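These notes concern the structure reproduced below.
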Amino acid sequence: MQTYDVKMPLEQIRNIGIIAHIDAGKTTTTERLLYFTGQIHKIGEVHDGAATTDFMEQERERGITIQSAAVTCFWDRDGKRYRINIIDTPGHVDFTAEVERSLRVLDGAVVIFDGRKGVEPQSETVWRQANKYKVPRICFMNKINLIGGDFEKSFGTIKTRLSNKAVAITLPIGRESELHGHVDLIEMKAYSYTSVDSEELTEVEIPSELQSKVDQYRAILLETLVELDDTLMEKYFEGKDISTEELKTVLRKGTLEGKIFPVLGGDSRSPMAKILLDYTTLCLPSPLDVPPVQGDHPKTGAEIERKPDENEPFAGLVFKIVNDPHIGNLSYFRVYSGTIKSGTYVLNTTKNIRERVGRLVLMHADDREEVDMLRTGDIGAIVGLKESVTGDTICDENNPIILEQITFAEPVVSQAIEPATKSDEEKMSESLARLVKEDPTFKVETNHETGQTIISGMGELHLEIMVDRMKREFGVVANVGKPQVAYRETVKGVCEQSEGRYVKQSGGKGQYGHCWLKIEPNEQGKGFEFVDAIKGGAIPREYIPAVQKGVEETLKAGVVAGYPVVDVKVTLFDGSYHEVDSSEAAFKIAASMAFKDGCRKANPVLLEPVMDVAVEVPQEYMGDVTGSLSSKRGQIQGSEDIGNGITVINALVPLSELFGYTSELRSLTSGRGSANIEPSHYAEVPKNIAEEIGGTKS
């Protein structure tokens, strides 16, 4: 394995993610890139459970990626050696946090598509995540060697559903199982290979039957590229030749600026992976091409930026925590500026604590390479950080900065969990605490009414994997209850005034708190808002935070069925106090009473998570599947024929109706249907169902 090269110039480093819908071939592609760059000498197949980046036992058993894995490889192009740090991410929606945190720290991405289906639901999700972080990307249409593989049709779905800035830079030679090469539209050369296992591409003549199609796509490519550069535009209109080098320069510029998305296509198991490496190093950014990272000064709040330069003060972002059985906590982080050495101290500005950097390692899937220092643009891991978690900023103690944190979706599914034996109780809470530290979308809380421990996550599979990991990694056997939906409550009406009065006299110092609140709905997704509208000192300043705290604590258990209240605006507009008896505790209780009472008057409603469901089914089962979705309170949004007799049905369905749906779909379609389910929004629960839920909860 090649080792860390300290002297490599920053412009020759690429930090990229491989992102896609589940089963598009991300891990297989990563495996081939490692093979062709000489990092591994034997190709491991996902279906055999032998892929380098799928190293968890659960990944090998299920043939899916659960945790993102970091690997490093080197590629020579045009006389220069490039270092490519790759993060292979999961495609399953339950592990969407892994994609989110990886994109936050990466400079570019390769989006893989299944060439038989084109854009799939999760492709849209990862594309939106990449848009959010303004990540430049190139696309690879994979699996066009399989039955139903169609480059042009799948390419069309990218243009219509994701971005009309997509532009083809290669065209396949041969269809389906006859696929044996490609035409490079930048170089206007054709390349062929003899079999999937061949290691080399041979230059051949462009096949005559492809010539007109090649000319058509080349013309579109040229027009798209010259629009990005005035000098080339002039040359183009004067009928002058534009060199390959000029085209490559403008292709890179357009990709970095997000003005174009180059699209390649083929079978990533073939030597086509080498072309993907060429265009990855050509089109995707180095750390120098990314704008300086923005942050705030922790004390003054002033905006600061850090340039990608080793001479700047050190600044990094922790984006993932992994509990390694051999060495303990591994904190994955990205260095945005400066350098970091092992054995030194850093400041965690998010928590305002000093942390010691025990050892620094570069990750190669589950192998580690120890290094003395890491520098700007590197992605590595620290052994020894005790308090830092995902989203925390670590930096030079004398030059503090707080970088933007990573936001994650809220969990939608909950389950009660208990240890199988009494002796496992302590071990269970310890292992749950570790898993929570690793995964920001996994939550654990205790229901004080029932004394149960409740775990929450992004889906049934997510929770199943967590319980399985507890058993394998920590030796804790647990029993879990049926999955429960994470309901929420809110108000639809306005309660202009609600009084909370807490007065207690019992000899000695009494208790006195008194407040008036106005309660009204807030915009959807805006959360809780507290407005202090006290005038003339009706309540002294020092008690107002206690009122807010009293409301916030009461939010956690609503008035309809005991679920958290969201999207409400509470205005404190009046009250009174007692010179001697008033206290923070009294005002907290008064606020809690006023809020509960006001909520009941403001038309409280129960909200439930609604899921976006896309079901792929052979057309003959369409009626059965549509009927089944409708019976689950599903709203059919439409259907789309994707060829080969397969239809995609899109629907919005409440999560509570979807438990066990995959098994039901299998039996409905003789195992030929598949569903992609992801969170869409929260919606009001119909009255009759809300009454049932209220009954079961209380």
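These figures come from a predicted structure and were not determined experimentally. Nothing fancy with the numbering, it's 1 onward along the sequence.
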Practice problem: Could you label the plane-to-plane angle of the Phe530 and Phe528 rings as parallel, tilted or perpendicular, counting under 30° as parallel and over 60° as perpendicular? | Solution: tilted
Quiz item: Considering only heavy atoms from C-beta outward, does the side chain of Thr490 approach that of Pro604 to under 4.5 Å?
Solution: no
Exercise. Please assess Glu608 against Arg488 for the test salt bridge (Lys or Arg N to Asp or Glu O under 4.0 Å), listing each intermediate value before the final yes or no.
Key: CA-CA 6 Å; Glu608 63 181 343; Arg488 298 283 180 264; over 6 Å; no
Quiz item: Looking at Arg375 and Asp309, does any basic side-chain N land under 4.0 Å from a carboxylate oxygen?
Solution: no
Quiz prompt | Reference residue Glu355; test side chain to side chain contact (heavy atoms under 4.5 Å, CB included); the match among Leu347, Ile382, Leu385 | solution = Leu385
Quiz prompt | Salt bridge flag under 4.0 Å for residues Asp574 and Lys535 | solution = no
Quiz item: Taking the side chain from Thr393 and the backbone from Thr349, do they hold a donor-acceptor pair closer than 3.5 Å?
Solution: no
Quiz item: Has Lys259 got more than 12 heavy atoms of other residues, nucleotides or ligands less than 6.0 Å from its NZ?
Solution: no
Quiz prompt | Flag side-chain contact, heavy atom, 4.5 Å: Thr339 against Leu374 | solution = no
Self-check item: Any Val389 side-chain heavy atom under 4.5 Å of Val318 side chain
Solution: no
Quiz item: For residues Asn522 and Glu529, is any side-chain donor paired with an opposing acceptor at under 3.5 Å?
Solution: yes
Practice problem: Using the side chain to side chain contact (heavy atoms under 4.5 Å, CB included) rule, take Leu432 and Phe442 through it: C-alpha gap first, then chi angles, then the decisive distance, then the call. | Solution: CA-CA 9 Å; Leu432 285 174; Phe442 180 62; 3.9 Å; yes
Quiz item: Side chain of Ser498, backbone of Leu517: donor and acceptor closer than 3.5 Å?
Solution: no
Practice problem: Please work out which of the three classes, parallel, tilted or perpendicular, describes the rings of Phe333 and Phe314, given edges at 30° and 60°. | Solution: perpendicular
Quiz prompt | Any side-chain donor near an acceptor of the partner, His514 and Glu499, under 3.5 Å | solution = yes
Quiz prompt | side chain to side chain donor-acceptor pair (under 3.5 Å) assessment of Glu553 paired with Ser592 | solution = CA-CA 8 Å; Glu553 285 179 6; Ser592 172; over 6 Å; no
Self-check item: Minimum side-chain heavy-atom gap Val135-Asp107 below 4.5 Å
Solution: no
Exercise. Examine Arg334 relative to Tyr336 and say whether NZ or CZ is less than 6.0 Å from the centre of the six-membered ring and inside a 45° cone about the ring axis.
Key: yes
Quiz item: Going by an N to O cut-off under 4.0 Å, is there a salt bridge joining Lys253 and Asp229?
Solution: no
Practice problem: Using the ring of Trp127 (Phe, Tyr or Trp, six-membered ring only), decide whether Arg137 places NZ or CZ under 6.0 Å from its centre and within 45 degrees of its axis. | Solution: yes
Practice problem: Answer whether the closest heavy-atom distance between the side chains of Asp296 and Ile401 falls below 4.5 Å. | Solution: no
Practice problem: Examine the side chains of Ser286 and Gln12 and answer whether a donor and an acceptor come within less than 3.5 Å of each other. | Solution: no
Quiz item: Any side-chain donor paired with an acceptor under 3.5 Å for Asn348 and Ser388?
Solution: yes
Quiz item: Is Arg354 close enough and on-axis enough to Tyr345, meaning under 6.0 Å and within 45°, for cation-pi?
Solution: yes
Self-check item: Tyr512 and Ser576 side chains, donor-acceptor separation under 3.5 Å
Solution: yes
Quiz item: Is the backbone of Tyr563 close enough, under 3.5 Å, to the side chain of Glu489 for a donor and an acceptor to pair up by distance?
Solution: yes
Exercise. Compute whether any side-chain donor of one residue and acceptor of the other, for Asp372 and Ser342, lie under 3.5 angstrom apart.
Key: no
Self-check item: Heavy-atom neighbours of Asn352 CG exceed 12 at 6.0 Å
Solution: no
Self-check item: Check ion pair Asp597-Arg501 (N to O, under 4.0 angstrom)
Solution: no
Exercise. Can you establish whether the number of heavy atoms outside Lys341 located under 6.0 Å from its atom NZ is more than 12?
Key: no
Practice problem: Assign the ring pair Tyr332 / Phe319 to parallel, tilted or perpendicular, where the plane angle (0 to 90°) is split at 30° and 60°. | Solution: perpendicular
Quiz item: Do the non-hydrogen side-chain atoms of Leu162 and Phe261 ever get within less than 4.5 Å of each other?
Solution: no
Quiz item: Any sub-3.5 Å donor-acceptor pair from Asn399's side-chain atoms to Asp396's backbone N or O?
Solution: no
Quiz item: Charged N to carboxylate O under 4.0 angstrom, Glu11 versus Lys80?
Solution: no
Quiz item: Do the charged groups of Lys351 and Glu387 touch, with an N to O distance under 4.0 Å?
Solution: no
